[in-house]
Amino acid sequence: MAGPEIERLIQLLARLPGLGPRSARRAALHLLKKKDALLNPLAASLREVGDSVHACSVCGNLDTRDPCAICTDDRRDAGLICVVESVADLWALERAGVFRGRYHVLGGTLSALDGVGPSDLNVDSLIARVQAGQAGERKIREVIIATNATVEGQTTAHYITDRLQNTGVAISRLAHGVPVGGELDYLDDGTLGAALKARRPL
């Protein structure tokens, strides 16, 4: 139906999240129809990003410089570190504009089923960063664990909490429960239970 080059493009597009084989074919056809406006600029951009973007050696964020723009921003509170599972989670928090501290990207969660252990994540570098931060002028006051509310996320949060116990920093966890605008009747039992446990006085 198509040449090997086009099939290769379709196969690569199909590996992207949210794109199956049919969606990948439609995307490939659209790119090929708009070669000058889309395909060539996209190819150039992918090549440029591949050559210039890398993980920050401090926090694990993706950027063109190392340390990244967040780690080198003096306006951010260096005493707060928010621990996230992935760069996507970091970007979500930045998009919301609700956190003005620094980050630490774990690169995943602990999962016995998938064979992911502590050595596969950036936990040791987090512990080393916190300990080094305790000796500096700007002491790290708090580590906020912002892993997802999944079994793996909770397991990872407990593991990190245990590792940070004797570092002298405050450890907190993102609250889970009723979303803004949510109706109780539509929430699952786990969300309702978490909301009740995380209740606070008015």
Side-chain angles (χ1 to χ4, degrees), residues 7-24 27 46-47 49-68 70-71 80-96 99 101-134 140 142-167 169-177 179 188-191 193-194 197-198:
E7 284 300 326
R8 172 78 174 145
L9 173 62
I10 292 167
Q11 288 170 9
L12 289 171
L13 288 172
R15 292 184 189 177
L16 294 173
L19 285 183
R22 291 178 68 186
S23 299
L46 288 171
R47 197 174 301 108
V49 166
D51 291 339
S52 61
V53 173
H54 45 265
C56 173
S57 60
V58 177
C59 72
N61 185 25
L62 295 175
D63 204 339
T64 54
R65 56 180 162 166
D66 187 16
C68 71
I70 293 174
C71 288
L80 293 175
I81 294 181
C82 183
V83 179
V84 294
E85 292 180 19
S86 67
V87 174
D89 297 332
L90 185 157
W91 288 357
L93 285 166
E94 282 297 288
R95 205 169 47 243
F99 181 68
R102 306 276 171 89
Y103 294 93
H104 193 89
V105 180
L106 294 172
T109 53
L110 296 172
S111 174
L113 287 174
D114 297 325
V116 179
S119 61
D120 299 309
L121 304 178
N122 296 326
V123 178
D124 288 340
S125 59
L126 170 65
I127 307 304
R129 186 176 170 193
V130 169
Q131 289 170 341
Q134 294 306 87
I140 294 172
E142 182 181 359
V143 172
I144 304 162
I145 301 174
T147 53
N148 293 324
T150 60
V151 172
E152 294 83 5
Q154 301 283 33
T155 303
T156 306
H158 288 304
Y159 177 76
I160 293 170
T161 302
D162 289 342
R163 292 286 305 274
L164 290 172
Q165 279 303 326
N166 299 317
T167 57
V169 298
I171 306 163
S172 61
R173 179 98 165 90
L174 282 189
H176 299 119
D188 62 275
D189 297 345
T191 302
K197 285 179 185 174

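What you see is a predicted model, and the numbers here were worked out from it, not measured in a lab.
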Using every non-hydrogen atom in the two residues, find where [X] and [Y] come nearest and quote the distance to one decimal.
{"X": "Ile81", "Y": "His104", "answer": "CG2-CB, 3.9 Å"}
{"X": "Gly107", "Y": "Asn122", "answer": "N-ND2, 4.5 Å"}
{"X": "Leu121", "Y": "Gly108", "answer": "CD2-C, 3.5 Å"}
{"X": "Ser172", "Y": "Glu142", "answer": "OG-OE2, 2.6 Å"}
{"X": "Ile140", "Y": "Val130", "answer": "CD1-CA, 3.8 Å"}
{"X": "Cys56", "Y": "Cys68", "answer": "SG-N, 3.4 Å"}

Just by distance, do the side chain of [X] and the backbone of [Y] share a donor-acceptor pair under 3.5 Å?
{"X": "Asp114", "Y": "Val116", "answer": "no"}
{"X": "Thr167", "Y": "Gln131", "answer": "no"}
{"X": "Asp120", "Y": "Gly117", "answer": "yes"}

Legend entry - Derivation of the side chain to side chain contact (heavy atoms under 4.5 Å, CB included) call for Glu152 and Thr147: CA-CA 9 Å; Glu152 294 83 5; Thr147 53; over 6 Å; no
Are side-chain heavy atoms of [X] and [Y] found at a separation under 4.5 Å?
{"X": "Arg163", "Y": "Asp124", "result": "yes"}
{"X": "Tyr103", "Y": "Asp89", "result": "no"}
{"X": "Val105", "Y": "Leu62", "result": "no"}
{"X": "Thr109", "Y": "Thr155", "result": "no"}
{"X": "Cys59", "Y": "Ile70", "result": "no"}
{"X": "Leu110", "Y": "Pro118", "result": "yes"}

Inset, instruction - Scan Val143, Leu93, Ile145 and name whichever one has a side-chain contact (heavy atoms from CB on, under 4.5 Å) with Cys82. - result: Leu93
Inset, instruction - Any pair with a residue in residues 50-59 that passes side chain to side chain donor-acceptor pair (under 3.5 Å), sequence neighbours left out, goes on the list, sorted by first then second residue, please. - result: Ser57-Asp66
Legend entry - Nearest-0.5 Å distance, CZ of residue Arg8 to CG of residue Leu13: 11.0 Å
Inset, instruction - Report the distance from atom OG of Ser23 to atom CD1 of Ile10, rounding to the nearest 0.5 Å. - result: 11.5 Å
Legend entry - CG (Asp189) with more than 12 external heavy atoms under 6.0 Å: no
Inset, instruction - Applying side chain to side chain donor-acceptor pair (under 3.5 Å) between Asn148 and each of Gln154, Glu85, His176, report the one that passes. - result: Glu85
